[in-house]
Protein chains: 2
Amino acid sequence: MARAATTSDAFNAIAEPQRREILVLLRGGERPVTELARDLGMSQPQASKHLRVLREVGLVRVRGAGKQRLYGLDARGLRPVHEWVGGFERFWDETFDRLDEYVRNLEQARQEEPPDGDDR
Amino acid sequence: MARAATTSDAFNAIAEPQRREILVLLRGGERPVTELARDLGMSQPQASKHLRVLREVGLVRVRGAGKQRLYGLDARGLRPVHEWVGGFERFWDETFDRLDEYVRNLEQARQEEPPDGDDR
DNA sequence: CTTACGCATTCCGATATAGGCATATGATGA
DNA sequence: TCATCATATGCCTATATCGGAATGCGTAAG
C-alpha cells in the first residue's frame, strides 16, 4: 500500500506547520487568501491549497465577498483533537514517577529471588 | 520541494491513526512490541516502525527486559499539542455567532452608504 | 556454539503530498 | 464584451512516508 491520506481529518490537517499558522491568523477574524499568503510568506497557490485542505476537514469556511473570498475559522473540528489529547493529561506529570516505581519494584523482585523467576 | 517530515514533532506523530492507537494502549502500562502488534492487528515490523517514530519525537520510551523491549508512554510531548489546540477553545462554540454578526454588520453598512465604500 | 525467540532494520514499491509555475475560473468594473 | 483583480486548479518534480517481505542482531536457552 502507500501512505495514508493527510487530507482526511483534523489531526492530519494540523500536522502541517503552515496550516497551523493559518488557523492562528484566522483567530483574528476573516481574511482573504492573498493577505494570508503575504503574512505567512507563502505563494498564493500554496495558501489556496492549504486552505482547501483545511476546508475539506471543516476547519475553515469560505464566504464570497465581492471579488474576494474571506476565509474564517471553524474551530469545532479541533474539539475532538483536544479531547483525545486531553485523555493523556493525567500522564503528563505522572508518567515518570510511575515508571521509576515500576522499575524499582522489578529490580527488587529480582534481587530477592535467585536469577530464575522471570515474569510473563 | 517535497512533503514535510512527519517524524519530526508530536503533531505529525499523532496524525497517524495507528500511532494514536499505540499511545492509547500504552496508557494501560508498558508493553512489548509483539503484543502491541497483535492487539492492533499490524505486523511486527510496522509496529516497530511506528514505535520508532514515537520514540524519536519522545512520546514513548523503551526499556530492555530480557529478550523483550518494553515500550512505555511518555505523554509530556503531548502537552504542547494540547495547549496549542486549547488556544482555540473559545472559538468552538462562539465561531458561528460571531460570523453571523460580522456578516450582518457588513450587510447593514453596505445598505447605508451607496455602493462605494469598500473596506481594504 | 548452535538454536530459538523478540525486535529492529533494510530493501522495495505505490502513493500522496508540498511547492513552484502556468493557467483556468469568477467576479467586478470600464 | 473586454480588461483586471483575486483565487482556484492542473501539471510536474522531489521526497517522505506506509506497508510488506526478508534479513540482521542481541539475548537467552540447550
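Residue numbers start from 1 in every chain, and the chains themselves are labelled A, B, ... in the order their sequence lines are given, proteins ahead of strands. What you see is a predicted model, and the numbers here were worked out from it, not measured in a lab.
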| task | For L70(A) and dT7(D), give me the distance from atom CG to atom C1', rounded to whole Å. | result | 12 Å
| Whole angstrom value for the distance that separates P of dA18(C) from CD of E21(A) | 14 Å
| task | Just say parallel, tilted or perpendicular for the rings of H82(A) and H82(B), cut-offs at 30° and 60°. | result | parallel
| Candidate nucleotides dG19(D), dG6(C), dT9(C), ranked by approach to the side chain of R52(B) - the nearest | dT9(C)
| request: Report the distance from atom CG of L36(A) to atom C1' of dA6(D), rounded to the nearest whole Å. | output: 13 Å
| query | Would one find a side-chain N or O of Q46(A) under 4.0 angstrom from OP1 or OP2 of dG19(C)? | reply | yes
| Is there a donor-acceptor contact under 3.5 Å from the side chain of R19(B) to the main chain of A13(B)? | yes
| For the side chain to side chain donor-acceptor pair (under 3.5 Å) test, which of Q44(A), H50(A), Q46(A) pairs with S48(A)? | Q44(A)
| message | If I take atom CZ in residue R19(A) and atom C1' in nucleotide dG19(C), what distance separates them, rounded to the nearest angstrom? | response | 13 Å
| Please give, in whole Å, the distance from dA18(C) P to Q18(A) CD? | 9 Å
| remark: The reported gap from CZ in F11(B) to CZ in F11(A) (rounded to nearest 0.5 angstrom) is 11.0 Å
| query | Quick one: N12(A) CG to dC18(D) P, roughly how many Å, whole number? | reply | 10 Å
| According to a strict under-4.0 Å criterion, is H50(A) in side-chain N/O contact with OP1 or OP2 of dG19(C)? | yes
| Can a salt bridge be assigned to the pair D74(A) and R79(A) using a cut-off of 4.0 Å between side-chain N and carboxylate O? | no
| field | Under 4.0 Å protein heavy-atom contacts per nucleotide of nucleotides 21-27 of chain C, with B for base, S for backbone only and - for none | value | BB----S
| query | Does dA8(C) have OP1 or OP2 sitting under 4.0 Å from an N or O in the side chain of Y71(B)? | reply | yes
| task | Give a yes/no on whether any side-chain N or O of Q68(B) is located under 4.0 angstrom from OP1 or OP2 of dA28(D). | result | no
| said: Using 0.5 Å steps for rounding, measure from the CG atom of L54(B) to the CD atom of Q18(B). | reply: 11.0 Å
| note | So CZ of R31(B) and CG of L40(B): to nearest 0.5 Å the spacing works out to 8.5 Å
| field | For atom CG of D9(A) and atom P of dT17(C), their distance in whole Å | value | 11 Å
| task | Would you kindly give the CE-to-C1' distance between M42(A) and dA18(C), to the nearest whole Å? | result | 11 Å
